Protein chains: 2
Amino acid sequence: MSEEASNTKLKILELGDDFLRSRGFNSFSFKDISDELGLKKAAVHYHYPTKEDLGNEIINKAKERLKSFIASVDGTEKNEWQKLSDFLEFYAEYLQEEHICLIGSVGAEFYTLPDTMQENAKQFIASAVGWLTDLLELGKNKGIFQFNGEPDARALMILSNMSGGLLLARMFGDDQFSKIINGVKQSLMN
Amino acid sequence: MSEEASNTKLKILELGDDFLRSRGFNSFSFKDISDELGLKKAAVHYHYPTKEDLGNEIINKAKERLKSFIASVDGTEKNEWQKLSDFLEFYAEYLQEEHICLIGSVGAEFYTLPDTMQENAKQFIASAVGWLTDLLELGKNKGIFQFNGEPDARALMILSNMSGGLLLARMFGDDQFSKIINGVKQSLMN
DNA sequence: GTCTATACGCTGATAGAC
DNA sequence: GTCTATCAGCGTATAGAC
């Protein structure tokens with residue numbers, strides 16, 4: 001039935017997302033996906049004709065995840081400090097599945113990816129930078145954050161801490177990522 | 001003659017290093033290398049029997065580069081601030097060749113790599129963390145750096161800034177990396 | 001929606017001639 | 001040291017049956 005069909009499509013997408021962020025785009029294949037789901041490669045191609053299609057849907061899904069996060073946090077009474085803390089936790093959760101974020105997975109192979117994926121990923125990450133920049137600026141104006149320099153430079157620093165931190169955690173353990181999160185928070189207090 | 005032979009071997013190594021840090025380990029092939037050098041795949045296999053061999057030599061070369069950097073800086077009158085500044089510049093130079101560092105390139109595909117490469121990369125990056133930690137500790141004790149928290153947490157933060165910053169620079173331009181470098185310096189002054 | 005069958009180039013790797 | 005030849009397997013992708 002059509003419900004199961006769309007269930008397959010969703011499973012493919014989720015598995016693709018898993019593979020992308022655990023191995024990299026060029027290190028998984030449609031066969032990996034079909035094997036894991038107990039079907040044939042052709043079935044995967046039915047749902048996502050090309051790997052580029054799948055890749056873009058994975059990025060689109062990440063955009064939605066970010067949108068959901070923002071909605072879940074901006075529509076509340078939380079102050080800027082709590083929102084930032086939630087944002088950092090959003091990244092920390094990746095560790096549970098041994099994932100890195102799209103900055104790392106897409107960035108490392110950036111020049112090998114189809115143009116549409118490069119553009120799509122840029123948009124996604126730019127919106128994260130934008131939201132974080134606004135948060136930092138507002139929080140600084142309110143006196144909740146203390147830091148020198150421009151909010152957008154700080155946003156880039158924090159995102160590099162998150163993306164780079166997830167990479168380092170793979171080699172040196174999750175506790176190293178915790179140190180980075182604590183360091184980021186500390187850097188906004190003093 | 002044997003000089004040209006070892007020249008080929010060196011060219012393969014340098015090209016492999018270039019490919020690894022611009023595309024990723026699973027996104028270049030022996031054919032890419034042989035094509036670029038105007039020879040056949042078999043010739044590449046003669047110098048590096050397996051891709052794993054080549055990969056490990058690339059990492060070994062990175063170890064030497066780091067060693068050279070440290071030697072060039074620790075054997076001088078430079079103070080800790082200047083050494084740190086040189087270290088950050090060491091990363092900034094990657095931008096000229098559109099490279100990322102090994103934390104990014106190896107980290108993103110970490111679980112797909114042979115065990116020997118994973119171990120080798122860990123060693124390399126651990127030694128960078130170690131040197132930077134010592135530098136930060138010494139500089140803090142001398143009053144050259146001002147920061148809260150442990151030196152090793154700071155070292156991880158700075159390395160995540162560098163590795164993540166190189167990834168972000170691919171998407172948003174080299175000037176974004178400059179902002180991060182300035183931010184890192186600022187974070188050690190206030 | 002999923003299957004079989006097929007296409008064809010690329011992959012890492014080896015054997016043996018020059 | 002480099003070559004030709006060859007290998008088995010995998011890569012993305014398509015055509016057409018069920």
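As the structure is a prediction and not an experimental result, all values here were calculated from the model. When reading the values below, keep in mind they use all heavy atoms of this one structure, side chains included, and skip hydrogens, waters and symmetry mates. Note on naming: letters A, B, ... go to the chains in the order of the sequence lines (proteins, then strands), and numbering restarts at 1 for each one.
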Colleague: Got a sec, which residues hit salt bridge (charged side-chain N to carboxylate O under 4.0 Å, His left out) with B:Asp53, two or more places apart in sequence or on another chain?
Modeller: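 Applying salt bridge (charged side-chain N to carboxylate O under 4.0 Å, His left out) to B:Asp53 gives none.
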Colleague: B:Asp174: which residues meet the side chain to side chain donor-acceptor pair (under 3.5 Å) condition with it, sequence neighbours left out?
Modeller: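 With neighbours one apart ignored, the set is empty.
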Colleague: Applying side chain to side chain donor-acceptor pair (under 3.5 Å), name anything that partners A:Asp86, two or more places apart in sequence or on another chain.
Modeller: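 For A:Asp86, the residues satisfying side chain to side chain donor-acceptor pair (under 3.5 Å) (neighbours in sequence not counted) are A:Lys78.
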Colleague: Could you pull out all residues at least two apart from A:Arg170 that satisfy side chain to side chain donor-acceptor pair (under 3.5 Å)?
Modeller: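 Counting only residues at least two positions away or on another chain, A:Arg170 forms no side chain to side chain donor-acceptor pair (under 3.5 Å).
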Colleague: With a 4.0 Å limit, can you tell me whether B:Lys40 has a side-chain N or O closer than that to the phosphate oxygens OP1/OP2 of D:dC3?
Modeller: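 Looking at the OP1 and OP2 atoms of D:dC3, neither is under 4.0 Å from any side-chain N or O of B:Lys40.
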Colleague: Using the test side chain to side chain donor-acceptor pair (under 3.5 Å), find all partners of A:Glu57 that sit at least two apart in sequence or belong to another chain.
Modeller: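 Applying side chain to side chain donor-acceptor pair (under 3.5 Å) to A:Glu57 gives A:Asn60.
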Colleague: Has B:Tyr46 got a side-chain N or O lying under 4.0 Å from the OP1 or OP2 atom of D:dG1?
Modeller: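 B:Tyr46 to D:dG1 OP1/OP2: side-chain N or O found under 4.0 Å.
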Colleague: Given atom NE2 of A:His45 and atom P of D:dT12, what is their separation to the nearest angstrom?
Modeller: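 Rounded to whole Å, this separation is 7 Å.
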Colleague: With a 4.0 Å cutoff (strictly under), does any side-chain N or O of A:Thr8 reach OP1 or OP2 of C:dG1?
Modeller: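 So the side-chain polar atoms of A:Thr8 never come under 4.0 Å of the phosphate oxygens OP1 or OP2 of C:dG1.
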Colleague: Could one point to a donor on the side chain of A:Lys41 or the base of D:dT12 with an acceptor on the other under 3.5 Å away?
Modeller: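 Between D:dT12 and A:Lys41, which were checked side chain against base, a qualifying N/O pair under 3.5 Å is present.
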Colleague: Taking only N and O in the side chain of B:His47, is any of them less than 4.0 Å away from OP1 or OP2 of D:dT2?
Modeller: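 Result: yes.
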Colleague: Residues from residues 20-38 of chain A sitting under 4.0 Å of DNA chain C, heavy atoms only?
Modeller: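 Contacting residues: none.
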Colleague: Hey, are B:Lys142 and B:Glu80 close enough for a salt bridge, meaning a charged N less than 4.0 Å from a carboxylate O?
Modeller: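 A salt bridge links B:Lys142 with B:Glu80.
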